[in-house]
> 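Pasting a structure below so you can have a look.
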Amino acid sequence: MIVGALISVVTAPVGVSGAVFLLPVQLSVFGVPSPAVTPTNLLFNVVAGPGALWRYRRDGALRGPLTRRLVLGTVPGVVIGAVIRVFALPSPTVFRLLIAALLVPLGLWLCARTLRWSSLRRNAQQAPARTEPSGRTVSTLALAVGIIGGVYGIGGGSLLGPILVGRGMPVGRVAPAALASTFVTSLVGAAAFALLGFVSPGDVAPDWGLGLACGLGGLVGGYLGARLQPRLPETALRLVLGTLAVALGTLYAVQTLR
């Protein structure tokens with residue numbers, strides 16, 4: 001519960017599910033077998049998600065087309081990803097390297113771009129215009145991220161957040177939508193893995209005790225993180241998001257190369 005709370009209070013303000021950092025803890029500390037780590041991560045998202053979402057809903061941050069596009073795109077993707085995870089990718093090694101190769105440069109790019117914008121504003125210069133992605137691009141991206149989330153149980157916010165924010169969307173708009181899509185897809189993904197557990201050998205079902213315990217901690221931490229977000233400046237939120245992406249990618253790379 002402590003682990004879930006500490007992770008969520010840091011990640012919820014930028015729309016990243018704490019499950020992305022819970023996964024290596026499952027493998028290295030709690031010894032959860034693969035591929036059971038994936039549905040356990042999804043279970044964590046289901047239990048922890050309502051804390052932050054309830055706070056964002058009270059603030060009116062869940063309204064708008066972005067949330068609908070992300071949810072409608074990621075839901076079918078997570079089912080496809082769950083099937084791929086169980087029958088085609090039982091070993092997480094290759095996938096860890098792919099995630100690391102994506103997140104590290106993405107996070108560095110987001111931090112560098114944020115610092116450049118901040119420097120231009122301080123020097124009274126005009127910052128480059130931020131061009132937001134089209135609705136079709138967002139939907140396609142959500143589908144792809146949903147598949148990735150189903151394969152590795154990372155929710156999708158850790159990928160959607162840096163990409164959409166890097167494309168010019170404000171963190172305050174992206175974070176609630178990303179967490180909403182993470183919650184819905186995790187609910188669907190956990191159910192898919194539970195059903196696949198009846199037809200697939202090995203540890204496919206989630207570790208219910210661990211997922212529920214960490215999720216209860218994340219429920220409290222997510223609410224506190226969402227409440228903290230409006231008090232943080234946009235530049236700080238962007239830097240936190242970029243730093244989390246770099247840290248996560250580096251962590252996966254180190255674990256894979258050991």
Side-chain angles (χ1 to χ4, degrees), residues 1 3-27 30 32 34-57 62 67 70-82 85 92 95 99 142 145-161 174-197 204-226 241 244-245 248:
M1 290 180 69
V3 169
L6 290 176
I7 291 175
S8 293
V9 77
V10 176
T11 58
V14 292
V16 175
S17 163
V20 295
F21 291 98
L22 180 63
L23 190 144
V25 175
Q26 287 190 66
L27 293 173
F30 298 125
V32 178
S34 178
V37 291
T38 298
T40 303
N41 258 10
L42 296 174
L43 176 61
F44 167 84
N45 287 336
V46 170
V47 177
L53 292 176
W54 183 66
R55 182 65 197 187
Y56 281 131
R57 185 177 181 276
L62 288 176
T67 300
L70 294 187
V71 170
L72 292 176
T74 51
V75 166
V78 75
V79 176
I80 297 171
R85 180 71 169 99
F95 201 75
I99 292 295
V145 168
I147 295 174
I148 294 174
V151 170
Y152 211 41
I154 62 174
S158 58
L159 298 176
L160 284 170
V174 170
L179 285 177
S181 69
T182 294
F183 173 73
V184 175
T185 54
S186 296
L187 189 62
V188 174
F193 272 101
L195 293 175
L196 289 170
V204 176
D207 185 321
W208 293 96
L210 180 63
L212 290 173
C214 292
L216 289 174
L219 185 70
V220 177
Y223 176 85
L224 295 176
L241 184 57
L244 288 176
L248 178 63

> State, yes or no, whether a side-chain contact exists between L22 and N41 at a heavy-atom distance under 4.5 Å.
yes
> Sequence neighbours left out, what passes side-chain contact (heavy atoms from CB on, under 4.5 Å) with T11? Give chain and number order.
I7, V16, F21, L244
> Write down the atom of G222, the atom of A12, and the distance for their closest heavy-atom approach.
O-CB, 3.7 Å
> Using every non-hydrogen atom in the two residues, find where G225 and P13 come nearest and quote the distance to one decimal.
O-CG, 3.1 Å
> How many angstroms lie between atom SG of C214 and atom CG of L6, to the nearest 0.5 angstrom?
11.0 Å
> Which atoms form the tightest heavy-atom contact between G218 and S8, and what is the distance?
CA-OG, 3.3 Å
> So, applying side chain to side chain contact (heavy atoms under 4.5 Å, CB included) with V14, which one of V174, L179, L241 is it?
L241
> Can you tell me how far apart CD1 (I147) and CD1 (I80) are? Round to the nearest 0.5 Å.
4.5 Å
> By side-chain contact (heavy atoms from CB on, under 4.5 Å), which residues pair with A177, not counting sequence neighbours?
L66, T67, L70
> What heavy-atom pair brings A180 and L62 nearest, and what distance separates the two atoms?
CB-CD2, 4.1 Å
> Of all residues at least two apart in sequence or in a different chain, which pass the side-chain contact (heavy atoms from CB on, under 4.5 Å) check with V75?
V71, V184, T185, V188
> Between P176 and Y56, which heavy-atom pair has the shortest distance, and what is it?
CG-CD2, 3.7 Å
> Rounded to the nearest 0.5 Å, what's the gap from CG on L43 to CG on L187? Could you check?
10.0 Å
> Find the distance between CZ (F30) and OG1 (T40) and round it off to the nearest 0.5 Å.
11.0 Å
> Tell me, please, which residues at least two apart from F183 pass side-chain contact (heavy atoms from CB on, under 4.5 Å).
V46, P50, L53
> Quick test of your reading: applying salt bridge (Lys or Arg N to Asp or Glu O under 4.0 Å), list the pairs with at least one residue in residues 39-56, sequence neighbours left out, ordered by first then second residue.
R55-D59
> Where do G15 and A178 come nearest, in terms of heavy atoms and distance?
O-CB, 3.5 Å
